[in-house]
Peer 1: 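Starting off with a structure, shown below.
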Amino acid sequence: QVPVVESGGGLVQPGGSLRLSCAASRSIFAINYMGWYRQAPGKQRELVAAITSGGASNYADSVKGRFTISRDSAQNAVSLQMNSLKPEDTAVYYCNVRSWTSNYWGQGTQVTVSS
């Protein structure tokens with residue numbers, strides 16, 4: 001019954017790659033926005049990447065060129081391909097799903113980039 005579930009986090013060495021996935025419940029309709037945010041200890045949550053129902057995407061400057069966000073054909077799932085990972089990318093990553101009337105957050109998945 002969890003509306004949004006993330007997966008794919010883990011430990012990776014600098015320069016490595018990870019792919020995060022977020023699955024939204026089928027019960028959530030009219031999704032117009034899906035995004036990934038991250039939060040490191042002692043820091044505020046920040047937008048990493050987002051994609052609208054129209055397919056427009058947006059990225060934080062710090063990840064531009066390294067991360068790619070994409071949606072599945074049904075637009076009820078979103079992935080974040082993360083390449084060339086850096087220690088600064090270490091954080092808990094959260095999936096955010098928005099519809100016309102609701103805003104949903106996943107529980108988060110830990111990404112740790114360390115040698």
Peer 1: Provide the closest heavy-atom pair for A40 versus T90 in the form atom of the first, atom of the second, distance.
Peer 2: CB-O, 3.9 Å
Peer 1: Quick check on the hydrophobic clustering: are Y104 and Y93 connected, directly or via other members, by side-chain heavy-atom contacts under 4.5 Å?
Peer 2: yes
Peer 1: Atom CD1 of I28 and atom OG1 of T101: how far apart are they, to the nearest 0.5 Å?
Peer 2: 10.0 Å
Peer 1: Checking side-chain contact (heavy atoms from CB on, under 4.5 Å) for the pair T109/V92: CA distance, chi angles, key distance, verdict?
Peer 2: CA-CA 5 Å; T109 184; V92 176; over 6 Å; no
Peer 1: Determine whether V4 and C22 satisfy the following criterion, side-chain contact (heavy atoms from CB on, under 4.5 Å), listing intermediate values before the conclusion.
Peer 2: CA-CA 7 Å; V4 177; C22 173; 3.3 Å; yes
Peer 1: Quick one: does any side-chain atom of Y59 pair with a main-chain N or O of I69 as donor and acceptor, under 3.5 Å?
Peer 2: yes
Peer 1: Walk me through whether T112 and S114 qualify under side chain to side chain donor-acceptor pair (under 3.5 Å).
Peer 2: CA-CA 6 Å; T112 302; S114 176; over 6 Å; no
Peer 1: Just checking, R45 and Y94: is the charged tip under 6.0 Å from the six-membered ring centre and within 45° of the axis?
Peer 2: yes
Peer 1: In the single-linkage hydrophobic clustering (I, L, V, M, F, W, Y; side-chain heavy atoms under 4.5 Å), do L20 and Y33 co-cluster?
Peer 2: no
Peer 1: Sort and list the pairs that fulfil salt bridge (Lys or Arg N to Asp or Glu O under 4.0 Å) and have at least one residue in residues 46-59, not counting sequence neighbours.
Peer 2: R38-E46
Peer 1: Hey, what do you get for OG1 (T68) to CG (L80), rounding to the nearest 0.5 Å?
Peer 2: 8.0 Å
Peer 1: Where is the tightest heavy-atom contact between V63 and V48, given as atom of each residue plus distance?
Peer 2: CG2-O, 3.5 Å
Peer 1: Going from CG on N76 to CZ on F29, what distance comes out if it is rounded to the nearest 0.5 angstrom?
Peer 2: 14.5 Å
Peer 1: Hey, is the main chain of G35 close enough, under 3.5 Å, to the side chain of R98 for a donor-acceptor pair?
Peer 2: no
Peer 1: Testing the basics here: between L47 and W36, what is the closest heavy-atom pair and its distance to 0.1 Å?
Peer 2: CD1-O, 3.7 Å
Peer 1: So, for K43 and Q39, which heavy atoms are closest and what is the spacing to 0.1 Å?
Peer 2: O-NE2, 3.1 Å
Peer 1: Taking all non-hydrogen atoms of both residues into account, name the closest pair between M34 and A24 and its distance.
Peer 2: CE-CB, 4.3 Å
Peer 1: Only pairs at least two apart or in different chains count here, so list each disulfide bond (SG atoms under 2.5 Å apart) that has a residue in residues 28-65.
Peer 2: none
Peer 1: Assess the residue pair V111 and V113 against the criterion (side-chain contact (heavy atoms from CB on, under 4.5 Å)); give the C-alpha distance rounded to whole Å, side-chain angles, the decisive distance to 0.1 Å, and a yes or no.
Peer 2: CA-CA 7 Å; V111 171; V113 185; 4.2 Å; yes
Peer 1: Looking only at heavy atoms, what is the nearest atom pair of S21 and S79, with distance?
Peer 2: OG-OG, 3.7 Å
Peer 1: Compile the donor-acceptor pairs under 3.5 Å between side chains in residues 5-19 and protein atoms, sequence neighbours left out, one pair per line.
Peer 2:
residue, atom, partner, partner atom, Å
E6, OE1, Q107, N, 3.0
E6, OE1, G108, N, 2.9
E6, OE2, C95, N, 2.8
E6, OE2, G108, N, 3.2
S17, OG, N83, ND2, 2.8
R19, NH1, Q81, OE1, 3.2

Peer 1: Between K64 and D61, does any NZ, NE, NH1 or NH2 come within less than 4.0 Å of an OD or OE carboxylate oxygen?
Peer 2: yes
Peer 1: Report yes if the distance between the aromatic ring centroids of W105 and Y37 is under 6.0 Å, otherwise no.
Peer 2: yes
Peer 1: Does the pair K86 and S62 meet the rule for a side-chain contact (heavy atoms from CB on, under 4.5 Å), with working shown?
Peer 2: CA-CA 10 Å; K86 305 175 180 180; S62 61; over 6 Å; no
